[in-house]
J.: 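First the structure, which I've put down as structure tokens, then a few questions once you've had a look.
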Amino acid sequence: MSGSTDTAESGACAPDSAPEGEPALRTSSLRKTYGRTVAVSDVDLVVPRGAVLGVLGPNGSGKTTTIRMLLGLTEPSSGSVELLGHRIPEHAGRALPLVGALVEGPGFHPFLSGRRNLARCAAMEPALFGADTGTAVDRALERVGLDGAADRKYRSYSLGMKQRLGLAAALLVPRELVVLDEPTNGLDPAGTREIRRIVAELHASGTTVLVSSHLLSEVEASCTHAAVMQRGSLIAQGELSSLLESGGPHLLVSVADPEAGLEALRAGGIPARAENGALRVELSDRDAAEVIAGLVRAGVDVYEARRERAALEDIFTRLTEEES
Ligand SMILES: Nc1ncnc2c1ncn2[C@@H]1O[C@H](COP(=O)(O)OP(=O)(O)OP(=O)(O)O)[C@@H](O)[C@H]1O
């Protein structure tokens, strides 16, 4: 692996792509405990080649620990990881040169400039042995918008600039898989849009991307697949479109008295919740007319009713509530 701000054990063997048809990444019963804390519990994750997978989960749900095990940075307590068809950590040397990663942790030298730090990463990059590393460094700096600050010392960088440098290291050479742990941490909205653009570019070039985030809107905007973690367990995974369909359509009803409306619907056995002064009603096994009629019968004035597709946020809320 390269670009991580941490190091991983890797043997000295030639990098080797995943066989055709194999997923880019597969874990089986992956588990990590720290004393009595179960950080990751029996995770079976599959990332198809070419996918952009968003790993979602609240703080402490096990995203970073999972990512660190995928990259051979943390040893699993049990279970297995196959990265580009190779067992990790045993055959890390075959897979990791094809993997770019941005994972939180110490790694860059505080007293060297961004450019010098990146040059050090480039010197350890097998694909650049004997090549013009200066050009690769310049290109990577430009790609993440850090060319203007390249000669400043790393310790003077903001969190967002540090994130960009980590990303530049991950993108020094073409990768088959790029793993980004909370890449938008510390970035302003323009920086966040940049990350989205880079992820879209990677996807267009056929690179598989795994990105962890607690920002549902980010995952909805840039991922083809999603995996949801809760208290160390993987509680859902699949294509984003299928996950969104599983949420079913819902009706957003604007009423004069949301509290009375909620009471009337619940009394009629219709699950609903209040949202910004309106009512959100699942339409899985009933139609909109039935919901509106129920409200009117209960004397609740209805101003507007709009059918909407479920958003990732609804599905995330439902999934995490079901597991609680
Ligand atoms: N080195 C460690 N020693 C002890 N406990 C740890 C260690 N690393 C992680 N944990 C615990 O494992 C659990 C999962 O942490 P992890 O950092 O993987 O979650 P996360 O989903 O990435 O959270 P965040 O979004 O806050 O980074 C937490 O309870 C955390 O406190």
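Please read all numbers here as calculations on a predicted model, not as lab measurements. Indexing begins at 1, ligand by ligand and atom by atom, following the structure's order.
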J.: Return the residue, atom name and 0.1 Å-rounded distance of the protein heavy atom closest to atom 19 (O) of ligand 1.
T.: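 Checking every protein heavy atom, the shortest distance to atom 19 (O) of ligand 1 gives Gly62 N, 3.1 Å.
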
J.: Considering non-hydrogen atoms of the protein only, which is the closest contact for atom 24 (P) of ligand 1, and what is the distance?
T.: Gly60 N, 3.7 Å

J.: Taking the six-membered ring of Tyr157, is the NZ or CZ of Lys153 close enough (under 6.0 Å from the centre) and on axis enough (within 45°)?
T.: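 No, Lys153 and Tyr157 do not form such a contact.
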
J.: Could you list the atoms of ligand 1 found under 4.0 angstrom from a heavy atom of Ser61?
T.: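 Taking each heavy atom of Ser61 in turn, ligand 1 has 19 (O), 20 (P), 21 (O) under 4.0 Å.
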
J.: Check Asp151 against Arg115 and note the closest heavy-atom contact, atom names and distance.
T.: OD1-NE, 2.9 Å

J.: Quick one: which ligand 1 atoms are inside 4.0 Å of a heavy atom on Lys63?
T.: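 Atoms satisfying the 4.0 Å criterion: 18 (O), 19 (O), 20 (P), 21 (O), 22 (O), 23 (O), 25 (O).
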
J.: Answer yes if a protein heavy atom lies under 4.0 Å from atom 12 (O) of ligand 1, otherwise answer no.
T.: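 Yes, because at least one protein heavy atom sits under 4.0 Å from atom 12 (O) of ligand 1.
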
J.: Indicate, as side chain, backbone, both or neither, the part of Pro58 found under 4.0 angstrom from ligand 1 when only non-hydrogen atoms are considered.
T.: backbone

J.: Please list, chain by chain and in numerical order, all residues satisfying side-chain contact (heavy atoms from CB on, under 4.5 Å) with Thr64, sequence neighbours excluded.
T.: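 Result, side-chain contact (heavy atoms from CB on, under 4.5 Å) vs Thr64: Arg68, Asp181.
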
J.: Regarding ligand 1, does Thr64 bring an N or O atom to under 3.5 Å of one of the ligand's N or O atoms?
T.: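 Yes - when backbone and side-chain N and O of Thr64 are compared with those of ligand 1, one distance drops under 3.5 Å.
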
J.: Would you say the side chain of Phe111 lies within less than 4.5 Å of the side chain of Arg155, judging by non-hydrogen atoms?
T.: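 Counting from C-beta outward, Arg155 and Phe111 do come under 4.5 Å.
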
J.: Tell me which protein heavy atom sits closest to atom 8 (N) of ligand 1, plus the residue, atom name and distance to 0.1 Å.
T.: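 Result: Tyr34 CE1, 3.4 Å.
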
J.: Could you tell me the separation between the CZ atom of Arg193 and the CG atom of Leu187, rounded to the nearest 0.5 Å?
T.: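 Taking CZ in Arg193 and CG in Leu187, the distance rounds to 11.5 Å.
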
J.: Do ligand 1 and Ala39 have nitrogen or oxygen atoms that lie under 3.5 Å from each other?
T.: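 N/O-N/O distance below 3.5 Å does not exist for this pair.
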
J.: Kindly list each side-chain donor-acceptor pair under 3.5 angstrom involving residues 52-62, sequence neighbours excluded, with atom names and distances?
T.:
| residue | atom | partner | partner atom | Å |
| --- | --- | --- | --- | --- |
| Ser61 | OG | Pro58 | O | 2.7 |

J.: Using a distance-only test with no angle check, is there a side-chain donor-acceptor pair under 3.5 angstrom linking Thr135 and Asp132?
T.: yes

J.: Please check if a non-hydrogen protein atom sits closer than 4.0 Å to atom 30 (C) of ligand 1.
T.: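 Under the 4.0 Å cut-off, atom 30 (C) of ligand 1 has no protein heavy-atom neighbours at all.
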
J.: Quick check: closest heavy atoms across Ala51 and His225, and the distance to 0.1 Å?
T.: CB-ND1, 3.5 Å

J.: Is the shortest N/O to N/O distance between Thr65 and ligand 1 below 3.5 Å?
T.: yes

